[in-house]
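As structure tokens, the structure follows; a few thoughts come after it.
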Amino acid sequence: MRKETWLAVLRRVSVVLLAAGFALFCASCSFRMQPIEELMRPPLPFGDNEKLHEAFESSIGKDVVLKAPVSGEYHSSYILQSLRGDGAEQALVFYSLKADKTAVRFCLFEKQELGWEFLADFSGSGSEVYAVQFLDLLGNGQKELVISWTILESKTNKVMTVYSYQEEKKEQPLRAVLSETITAMQPMDLDADGALELFTLRQDVAALRPRAYARVFKMGQNGTVTQLAETRLDANISGYGLIQTEQLPGKTLRVFADAYKGEAQMLTELLYWDKKSLQLKTPLLDSKTLTNVKSVRNVLLPSMDIDKDGQIEIPRTVLCQGGKTITNTSAATAPYYLTMWVNFNNKGEQTRASYTALMQKEGYYILLDNAALREEVAVVCDEVNREMRLRQYNKLTFEYGEDLLVMKSVALSEAADQRYETYTRVFETETAVTMIQLTQFGLSKGLDAKFIQENIKQYEGAFQG
């Protein structure tokens with residue numbers, strides 16, 4: 001009985017101590033719900049940025065929310081750069097006042113021996129900072145500041161502002177020389193004069209009829225930025241994707257701008273600068289209907305240099321007769337489309353095409369440029385089991401025959417399983433192995449080790465939906 005009594009006492013004491021400890025813990029904590037913008041704010045500065053932050057707070061105050069670019073090279077609220085090109089370091093600090101969270105502002109500082117000197121404060125043109133770039137638009141070593149701002153009233157467009165450094169004006173050292181509504185922007189030397197231009201794309205969805213434009217802006221020697229060129233584009237799109245450039249030896253720079261047409265289609269705009277007419281040309285666009293049907297495909301696949309020959313190919317889709325795609329465990333099938341990779345010249349004419357059976361989610365393709373082979377087989381793409389089969393198919397009787405080859409991707413940990421003893425490894429990544437099984441029927445049709453080496457390849461940029 002005495003032992004049980006002491007155990008009971010110990011239990012009561014433990015409960016009291018725990019309750020007291022919890023009470024003390026609660027007394028030391030406020031449990032105040034923080035606003036979401038405070039929880040998501042950029043991390044507190046340290047090192048040299050800490051000194052910059054101290055200079056910022058002494059100049060602007062503490063009643064602010066720090067902001068940071070959400071895209072591009074820079075992702076900090078504190079960005080250091082030599083704007084004049086003389087080695088002297090300047091700093092930008094992006095923020096919003098807590099009293100007005102709909103507008104972003106930024107401060108400019110310059111580094112001195114004893115710390116950071118406040119130079120000026122600027123009002124931005126949006127509710128968030130989308131991207132920050134420093135670009136030499138004159139080729140003189142001095143960098144212009146290019147900021148893209150996210151605007152509340154638009155899910156598609158942004159405002160691009162170009163600031164030029166004016167050393168002679170100490171009170172306002174940055175001057176806005178361009179403010180333009182854009183959807184996407186890529187700096188490039190389009191006219192081959194040694195200086196960068198700003199190539200922009202814009203969707204105008206507010207108009208009675210949606211419109212899309214490509215515009216090029218250029219900085220003159222007097223420091224002003226003007227529109228160099230403009231052309232209409234296919235407006236039947238939902239958004240833009242990659243912007244890529246291609247320059248072959250002795251040839252004009254060409255621009256490939258991918259665009260989405262809803263959730264299942266894409267197109268690519270091809271543009272180049274014509275030196276004779278001083279105009280931006282769009283060879284794939286029908287000038288009468290303002291549509292680009294030559295590059296439309298039923299797959300979310302960007303243009304790319306698929307065969308690594310230095311030229312960008314535009315993918316097109318062609319129905320594979322007898323082909324089918326299995327996308328879920330119910331074994332329901334959808335048609336399979338071969339991907340045709342096309343080169344176009346500056347007249348919009350197709351100059352070359354390669355046919356591939358593409359396994360998008362695994363990042364490989366089988367080249368099917370042999371027309372006889374292409375006519376004899378159907379592609380069975382099983383995304384559930386990570387398999388692709390080339391299967392004999394009679395287009396007259398609609399009957400399937402034997403498999404010529406089977407491609408199989410498995411997790412790296414499963415690759416040694418005895419189920420795959422008859423397979424040969426082709427590709428390996430950090431997480432998966434892709435293997436191939438050759439059949440006697442396939443070997444009789446010439447699908448041997450040489451075929452594998454020459455016609456089965458990995459590619460980058462697999463799925464970009």
Side-chain angles (χ1 to χ4, degrees), residues 261-267 293-301 306 313-342 350 352-410 419-420 422-424 426 434-452 454-457 459 462-463 465:
K261 288 175 66 67
E263 298 180 355
Q265 289 186 317
M266 289 186 74
L267 62 80
V293 297
K294 291 183 177 181
S295 67
V296 175
R297 59 264 194 187
N298 298 315
V299 62
L300 295 181
L301 190 66
I306 189 73
E313 286 82 32
I314 295 176
R316 298 289 309 276
T317 47
V318 181
L319 182 66
C320 176
Q321 292 189 42
K324 50 189 176 182
T325 304
I326 301 170
T327 58
N328 56 60
T329 53
S330 68
T333 63
Y336 182 84
Y337 291 86
L338 294 177
T339 304
M340 182 172 64
W341 297 90
V342 181
Q350 182 177 312
R352 189 171 66 94
S354 291
Y355 292 83
T356 58
L358 202 67
M359 185 62 155
Q360 261 190 282
K361 293 187 176 180
E362 306 299 341
Y364 68 82
Y365 65 88
I366 303 173
L367 188 63
L368 294 175
D369 276 352
N370 186 313
L373 176 64
R374 205 163 58 242
E375 284 296 312
E376 191 176 350
V377 301
V379 179
V380 179
C381 179
D382 186 345
E383 295 180 355
V384 177
N385 294 305
R386 304 176 71 179
E387 288 183 352
M388 177 183 280
R389 296 171 181 266
L390 293 189
R391 184 170 290 172
Q392 188 182 34
Y393 181 71
N394 189 316
K395 295 179 180 179
L396 296 177
T397 63
F398 310 112
E399 294 178 338
Y400 293 95
E402 300 179 51
D403 287 333
L404 282 76
L405 64 79
V406 181
M407 299 286 294
K408 176 76 173 178
S409 298
V410 299
R419 291 175 295 171
Y420 309 120
T422 59
Y423 287 77
T424 302
V426 183
T434 296
M435 305 174 286
I436 186 170
Q437 184 183 58
L438 295 173
T439 67
Q440 289 299 320
F441 183 63
L443 289 169
S444 71
K445 294 291 184 179
L447 276 65
D448 52 15
K450 183 180 179 183
F451 177 89
I452 296 172
E454 295 178 352
N455 296 282
I456 300 179
K457 305 288 183 182
Y459 72 97
F463 180 72

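Owing to the predicted nature of the structure, the values given are computational and were not obtained by experimental measurement.
Annotation for Leu443 and Leu447: closest pair CD2-O, 3.5 Å, computed over non-hydrogen atoms. Ala353 approaches Met340 most closely through the heavy-atom pair CB-CG, 3.8 Å. Taking every heavy atom of both residues into account, Leu301 and Met266 meet most closely at N-SD, 3.3 Å. Nearest heavy-atom pair across Leu300 and Ala264 is CD2-C, 4.0 Å. Ile366 and Met388 make their closest contact through CD1-SD, 3.8 Å (heavy atoms, listed as atom of the first residue, atom of the second, distance). Closest approach of Cys320 to Leu338, counting heavy atoms only: CB-CG, 3.9 Å.
You'll find the side chain of Ile456 reaches within 4.5 Å of the side chain of Met407, heavy atoms only. Side-chain atoms of Lys261 and Leu267, non-hydrogen and from C-beta on, do get closer than 4.5 Å to each other. Under the 4.5 Å side-chain criterion, counting only non-hydrogen atoms from C-beta, Phe398 is in contact with Tyr393. In this structure, Glu383 and Cys381 have side chains that are in contact, with non-hydrogen atoms separated by less than 4.5 Å. Side-chain contact between Thr325 and Thr333 is absent, with no heavy atoms from C-beta onward closer than 4.5 Å. Considering only heavy atoms from C-beta on, Leu404 comes within 4.5 Å of Phe441 through its side chain. Annotation: side chain of Tyr364 is not in contact with side chain of Val426 (no heavy-atom distance under 4.5 Å). Contact of the Tyr355 side chain with the Leu373 side chain is not registered, since no non-hydrogen atoms from C-beta on lie closer than 4.5 Å.
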**Report entry** Lys395 vs Glu375, side-chain contact (heavy atoms from CB on, under 4.5 Å): CA-CA, chis, key distance, verdict
**Finding:** CA-CA 8 Å; Lys395 295 179 180 179; Glu375 284 296 312; 3.3 Å; yes

Query raised in the report: For Lys408 and Asn385, what are the C-alpha separation, side-chain angles and deciding distance, and is it a side-chain contact (heavy atoms from CB on, under 4.5 Å)?
Result: CA-CA 8 Å; Lys408 176 76 173 178; Asn385 294 305; 4.1 Å; yes

Requested in this report: Please test Val410 against Met435 for side-chain contact (heavy atoms from CB on, under 4.5 Å), starting from the C-alpha separation and ending with a verdict.
Outcome: CA-CA 8 Å; Val410 299; Met435 305 174 286; 3.7 Å; yes

Query - Residues Leu405, Ile452; criterion side-chain contact (heavy atoms from CB on, under 4.5 Å); working and verdict - result: CA-CA 10 Å; Leu405 64 79; Ile452 296 172; 5.8 Å; no

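In terms of modelled atom types and a separation under 3.5 Å, the side chain of Arg316 and the main chain of Ile314 share no donor-acceptor contact. A donor-acceptor pair under 3.5 Å is absent between the side-chain atoms of Tyr400 and the main chain of Ala378, judged by distance alone.
Leu368 contributes atom CG, which lies 7.5 Å from atom OG1 of Thr356 (distance to the nearest 0.5 angstrom). Here OG1 of Thr339 is found 12.5 Å from CD of Glu313. Values are rounded to the nearest 0.5 Å. Atom-to-atom distance recorded for Asp403:CG and Thr439:OG1 is 6.5 Å, nearest 0.5 angstrom. To the nearest 0.5 Å, the span separating CD1 on Ile436 from OH on Tyr420 amounts to 15.5 Å. One distance of note links CD of Gln350 with CZ of Arg352; it measures 10.5 Å at 0.5 Å rounding. Interatomic distance, Glu387 CD to Gln437 CD, rounded to the nearest 0.5 Å: 9.0 Å.
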